[in-house]
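Bear in mind that the values here come from a model prediction, so they are computed numbers and not experimental data.
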Amino acid sequence: MLKKNIRTNTLHGSLIRLNKIHRKMAKREFQKVDLTEGKPRLLDFIISNPGCSQREIASCCKIEPATATSILSSMEKEELIYRERNTKDKRILNVFLTEKGIEAQKKVEKVFLELDEICFDGFSEKERIDTINTLNRLYENLAKKKKE
């Protein structure tokens with residue numbers, strides 16, 4: 001008989017399983033509001049950084065510049081964003097959300113808040129905070145080691 005779930009009692013296995021189901025549920029919810037993969041992250045970044053450059057978006061969102069350009073072009077066609085030439089450097093395009101883009105970002109925020117509620121069902125507030133702090137510490141440990 002084959003074991004269906006391996007490594008369920010390890011950090012690696014648990015993170016993989018959690019990430020997979022979280023992404024799948026988020027993708028399903030985003031499709032309901034016509035947001036394809038990549039757009040939610042960019043909407044979140046741009047709302048926090050209005051007027052950022054395409055290069056900054058690619059760098060901070062950890063995607064290739066060509067990928068950022070492609071997603072942004074799609075978002076512009078859907079009237080989620082608009083781009084303006086930088087007044088100091090005409091080679092740079094600054095990116096802003098339109099009203100439609102701001103509304104789409106609010107939907108993104110709502111999806112993630114709902115997923116948080118589902119994930120933390122039955123958790124106390126202290127357990128929620130402790131879990132997030134633990135995950136952040138795990139990330140920091142790996143990030144620190146990566147730099148070495």
Side-chain angles (χ1 to χ4, degrees), residues 1-83 92-148:
M1 182 167 175
L2 296 175
K3 291 183 179 180
K4 188 174 180 184
N5 293 318
I6 59 171
R7 301 181 198 261
T8 56
N9 61 343
T10 66
L11 175 63
H12 171 78
S14 295
L15 289 174
I16 295 297
R17 287 175 45 238
L18 175 62
N19 184 52
K20 186 175 180 179
I21 196 167
H22 192 276
R23 286 176 59 102
K24 195 176 275 190
M25 291 177 75
K27 182 179 178 179
R28 183 181 66 213
E29 294 303 311
F30 291 140
Q31 285 174 337
K32 290 178 184 176
V33 292
D34 295 322
L35 290 174
T36 56
E37 199 166 339
K39 292 177 187 173
R41 180 190 293 181
L42 271 57
L43 287 167
D44 274 349
F45 184 78
I46 297 166
I47 201 156
S48 299
N49 301 279
C52 57
S53 70
Q54 292 183 191
R55 181 170 290 169
E56 290 167 330
I57 292 169
S59 175
C60 293
C61 293
K62 299 188 182 355
I63 57 176
E64 293 297 319
T67 303
T69 299
S70 174
I71 296 170
L72 290 169
S73 292
S74 172
M75 292 172 73
E76 191 168 41
K77 285 178 190 162
E78 295 171 27
E79 300 178 347
L80 297 172
I81 64 155
Y82 64 96
R83 297 183 264 196
I92 297 173
L93 286 172
N94 296 111
V95 183
F96 301 89
L97 293 182
T98 62
E99 284 302 315
K100 186 176 177 183
I102 292 168
E103 289 304 312
Q105 193 282 330
K106 288 177 183 175
K107 291 175 184 175
V108 168
E109 187 70 24
K110 185 175 185 264
V111 166
F112 283 129
L113 287 172
E114 288 170 357
L115 282 172
D116 280 5
E117 287 305 311
I118 293 167
C119 287
F120 287 116
D121 184 40
F123 282 58
S124 69
E125 188 60 27
K126 183 184 181 330
E127 288 172 319
R128 281 175 88 129
I129 292 166
D130 287 348
T131 299
I132 292 168
N133 287 340
T134 298
L135 290 170
N136 286 333
R137 284 180 59 200
L138 292 168
Y139 173 84
E140 291 301 323
N141 286 344
L142 288 175
K144 185 172 39 179
K145 189 70 172 173
K146 181 183 175 191
K147 289 179 184 177
E148 293 176 3

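A donor-acceptor pair under 3.5 Å links the side-chain atoms of Thr98 to the main chain of Leu80, judged by distance alone. Put simply, the side chain of Ser73 gets close to the backbone of Thr69: a donor and an acceptor are under 3.5 Å apart. Asn49 places a side-chain N or O within 3.5 Å of a backbone atom of Phe45 that can act as its donor or acceptor partner.
Across all non-hydrogen atoms, the minimal contact from Cys61 to Leu42 is SG-CD1, 4.1 Å. Between Gly51 and Asn94, the shortest heavy-atom distance links the atoms O-ND2, 2.6 Å. The minimum heavy-atom distance linking Glu78 with Asp34 is given by the pair OE1-O, 4.1 Å. Closest non-hydrogen pair, Leu43 versus Ala104, comes out as CD1-CB, 3.9 Å. For the pair Gln54 and Ala68, the tightest heavy-atom approach, listed with the atom from each and the gap, is O-CB, 4.4 Å. Contact between Ile92 and Ser53 at its shortest, heavy atoms only, is CG2-CB, 3.7 Å.
Within the 4.5 Å cutoff, the side chain of Ile129 has heavy atoms near those of the Glu125 side chain. Put simply, the side chain of Glu56 does not reach to within 4.5 Å of the side chain of Val95, judged on heavy atoms. When side chains are defined from C-beta on, Lys32 does not count as touching Lys107, because their heavy atoms never get closer than 4.5 Å. By the 4.5 Å heavy-atom criterion applied to side chains, Ile46 and Cys52 are counted as neighbours.
The NZ atom of Lys100 lies 16.0 Å from the OH atom of Tyr82; values are rounded to the nearest 0.5 Å. Atoms CD and CG, on Glu29 and Leu35 in that order, are 11.5 Å from each other to the nearest 0.5 Å. In this structure, CD1 in Ile57 is found 4.5 Å from CG in Leu72, a value given to the nearest 0.5 Å. Of the inter-residue distances, the one linking Ile21 atom CD1 with Ile118 atom CD1 reads 9.5 Å to the nearest 0.5 angstrom. Here the CD-NZ distance, from Gln105 to Lys39, works out to 15.0 Å after rounding to the nearest 0.5 Å. Separation of atoms NZ (Lys145) and CG (Asn141) is listed at 10.5 Å; rounding is to 0.5 Å.
Note on ring orientation: taking the six-membered ring where Trp is involved, the planes of Phe112 and Phe30 are perpendicular (angle over 60°, cut-offs 30° and 60°).
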Q: Decide yes or no on side-chain contact (heavy atoms from CB on, under 4.5 Å) for Ile132 and Phe120, but give the supporting numbers first.
A: CA-CA 11 Å; Ile132 292 168; Phe120 287 116; 4.0 Å; yes
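For Thr131 and Glu127, the side-chain atoms include no donor-acceptor pair closer than 3.5 Å.
Here Lys110 pairs with Glu114 in a salt bridge; the nearest charged N to carboxylate O distance falls below 4.0 Å. Residues Glu109 and Lys106 are not paired through a salt bridge, judged by the lack of any N-O separation under 4.0 Å between the basic side chain and the carboxylate.
Heavy atoms from other residues, nucleotides or ligands lying under 6.0 Å from CZ of Arg55 number 12 at most.
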